[in-house]
Structure formats: C-alpha cells, structure tokens
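See structure below.
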Amino acid sequence: MSTGHDQLGRVAHLLEVNRPEQALEELGRLPAGLSTDVAAFRLRAAALTDLDRWDDVVAVTRQGLAEAGPDAELLGRLGLALRHRGAYADAERALLDALARAPHSPWLLCQYADLCTTVGQTDKAERLVARAAALVPDLPSVFASRFQLAYARGDDRTAERVAEEFLAAWPTHPVALALHGHAAALRGRMGSAERSFGQAVAYDPTDPAYAEAAWESRVHAHPLLVPLRPLHRFGVLRTWLVAVAVIVALNVAGLDLLAGLVGLSWFLFCVWSWIAPPLVRRLVRRRWRP
C-alpha cells in the first residue's frame, strides 16, 4: 500500500505535467493526518493557482498559514492570489512577509516584481527582476516577469525578444508558448501567434485563457483579415492618425485627386474592418476544434 508521502509525490508529478484537476483529486484522498501538512497545503495552493481559482487559493493559503504557521511559499501564493483579486496592499504585505523568510527566492522576487509592474512601479519591478535573474536567469518566472515589464513599458520589441529567449530555453512550456504567441500578435504575425497558442493549449489543455487566445489568433490569421493587420501592429488610434495625416498632407500639397483616392481607400478599409471580423468568426467557428 502506498504511503501518504508517495501520494504527495504523485501530486507533485501531476502538477509538473499540467494536470492540476487530477492533482486536487489525489489531494482529496490524502489521509487525515497528512492533509493538514504544510506540503499538502503548498501543493493544493499550487494546483488551484494553475486553475486560476484565486478565491480558493486565498482560502487554502490562509488555512494553511493558520494550521501550519508562517511559510514563505504559502505567503507567496497568497500574495499572488490577492494581486489577481486587485487587493494590492494586502498582496504586498503577504509578499514582503514571504520575502522576509526567503529573501533569496527568485520566484518570490518575481511575484513582487509582477505586483510592482501591475501598479506602475516599473523601476522597482526592474530591480526585483534583476535580483531574481542574478540567482536563476533561466527560471520561467524570470522570463515571464521580464516580458510583463517590457509589455507594461510599451516596449514590444523587448517583449518579443524575451518571449523568444523564454521559448528557446523552455520549448514545451505553455507559458513560454503563450507569451510567444502574444508577442507575435503584437507585431502583427498572426500565423505565428496561432501556432504558438495552439501548442500552449496542447501542453496545458486545462487553461481556458490559452484556448480563448488560440481561437482569437485563428480568427485574426484568416486570409480575409490580412488587410487589417496594421490595426494589430500599430493600434487603432495610431493607424487612424496616420491615415488622417496622409489625407490632410495630400490636400495641403494640392493633390486633391490622390487625397480623394486615399480617403476612399481608407473608407473602404474602415467598412471592411466592421464587417469582416464577424463574418470570419462565423466561418472559423464552423471548423473550430480547440
């Protein structure tokens, strides 16, 4: 008969292969004495984190802290969950308490950096990520935090470079694939985005965000939407401003006929941007297989 510690090992393996729901089922079969062990609480919180069940993460980590005492990993999970719930002050308190117990944990440093990025403290986030990278440069959390920081600063090129480095180091990691897909979409490379998101779903079919992103990227990669790529690459407002500026400049230069042709083309482009996406969504939905 297997021991409770063997069960904890199986749970850890299930989490490594992205099977959080099965991990929770295995945790539910733990003997009563082991179910309140700090290791069980850590694994339960990790599984719930993978499922984005933030309210449950908060409940489990607080129960674990109450029963097992202060623990850096549980405090880190609590801070992560509170950040996703928008309770930034409480999240910071939990993460600072965690770092007081494990100041050299790169994962905790990245969690605090992500919180700082979320609230706009990008300089502080950069210092925290640098500390984490000095400890374990190829840690997935380090790559993810570097990507989020670059994205928050509007530096799409750096975000894309970080995503490529992440994918090179972890070619089957679903987060690496998802960030690579997101970076490709930002640069208007929808075919590459579709492939990356599709692989992320293959490696982690339990995450609905990956499935949604794969669906959206398949829609935007459709040939009928190729003319709309500038809207993804440069943004709607910037594209509008460039188009208007070109038309005005042609009018000022006295090239009224050319200005009229550009204006007509822009009008047709706008009409196509309104009618094409719903049409393509219907076409793709008929053939969609998540």
Side-chain angles (χ1 to χ4, degrees), residues 1-119 125 128 131-132 135-136 139-142 144-145 148 173-175 204 206-209:
M1 182 178 293
S2 64
T3 66
H5 291 287
D6 291 334
Q7 288 179 269
L8 292 179
R10 285 198 297 274
V11 171
H13 175 70
L14 288 169
L15 291 177
E16 288 176 0
V17 296
N18 297 311
R19 296 293 184 268
E21 293 178 343
Q22 295 178 31
L24 288 175
E25 292 175 2
E26 189 73 25
L27 285 165
R29 291 191 286 267
L30 287 175
L34 193 60
S35 64
T36 57
D37 186 87
V38 65
F41 280 114
R42 289 172 180 170
L43 291 169
R44 190 173 292 111
L48 293 168
T49 298
D50 288 347
L51 294 170
D52 295 342
R53 291 169 52 179
W54 304 118
D55 290 343
D56 292 334
V57 174
V58 171
V60 165
T61 53
R62 284 178 171 165
Q63 181 185 359
L65 292 168
E67 296 195 19
D71 178 78
E73 184 173 339
L74 290 179
L75 285 165
R77 296 282 178 189
L78 176 60
L80 170 62
L82 290 171
R83 171 169 66 85
H84 279 279
R85 291 174 56 179
Y88 301 136
D90 291 339
E92 182 177 31
R93 182 71 269 159
L95 291 170
L96 287 174
D97 288 345
L99 284 166
R101 290 166 173 79
H104 302 298
S105 167
W107 180 76
L108 288 173
L109 289 168
C110 287
Q111 295 308 314
Y112 194 19
D114 291 346
L115 174 63
C116 292
T117 298
T118 300
V119 299
L128 289 163
R131 287 175 56 190
L135 295 166
V136 187
L139 189 71
S141 297
V142 171
S145 294
Q148 292 178 41
H173 199 294
V175 176
D204 186 3
T206 64
D207 195 319

Once rounded to the nearest 0.5 Å, what's the spacing between atom [atom1] of [X] and atom [atom2] of [Y]?
X: Cys110; Y: Leu135; atom1: SG; atom2: CG; answer: 9.5 Å
X: Leu109; Y: Ser145; atom1: CG; atom2: OG; answer: 9.5 Å
X: Gln148; Y: Ser141; atom1: CD; atom2: OG; answer: 9.5 Å
X: Leu108; Y: Asp97; atom1: CG; atom2: CG; answer: 11.0 Å

Ala102 backbone acceptor or donor facing Ser105 side chain under 3.5 Å: no
Heavy-atom check, side chain of Pro174 versus side chain of Asn18, under 4.5 Å: yes
Close side-chain approach of Thr61 to Phe41, heavy-atom, < 4.5 Å: no
Minimum heavy-atom distance between [X] and [Y], given as atom pair plus value:
X: Thr117; Y: Ala125; value: OG1-CB, 3.3 Å
X: Val38; Y: Ala68; value: CB-CB, 3.9 Å
X: Pro20; Y: Leu51; value: CG-CD2, 3.6 Å
X: Pro106; Y: Ala132; value: O-CB, 3.7 Å
X: Leu27; Y: Ala40; value: CD2-O, 4.2 Å
X: Ala46; Y: Leu15; value: CB-CD1, 3.9 Å

Glu21 atom CD, neighbour heavy-atom count above 12 within 6.0 Å: no
Would you be so kind as to tabulate the donor-acceptor pairs closer than 3.5 Å made by side chains of residues 72-90, with sequence neighbours excluded?
unit_1: Arg85; atom_1: NE; unit_2: Asp55; atom_2: OD1; d: 3.4

Residues Leu95, Glu92; criterion side-chain contact (heavy atoms from CB on, under 4.5 Å); working and verdict: CA-CA 5 Å; Leu95 291 170; Glu92 182 177 31; 5.8 Å; no
Candidate pair Leu24 and Arg53, rule side-chain contact (heavy atoms from CB on, under 4.5 Å), full reasoning: CA-CA 12 Å; Leu24 288 175; Arg53 291 169 52 179; 3.7 Å; yes
All side-chain hydrogen bond (donor to acceptor under 3.5 Å, both in side chains) counterparts of Glu26, not counting sequence neighbours: Arg10, Arg29
side-chain hydrogen bond (donor to acceptor under 3.5 Å, both in side chains) against Arg101, all qualifying residues, sequence neighbours excluded: none
Working for side-chain contact (heavy atoms from CB on, under 4.5 Å), residues Leu48 and Trp54: CA-CA 7 Å; Leu48 293 168; Trp54 304 118; over 6 Å; no
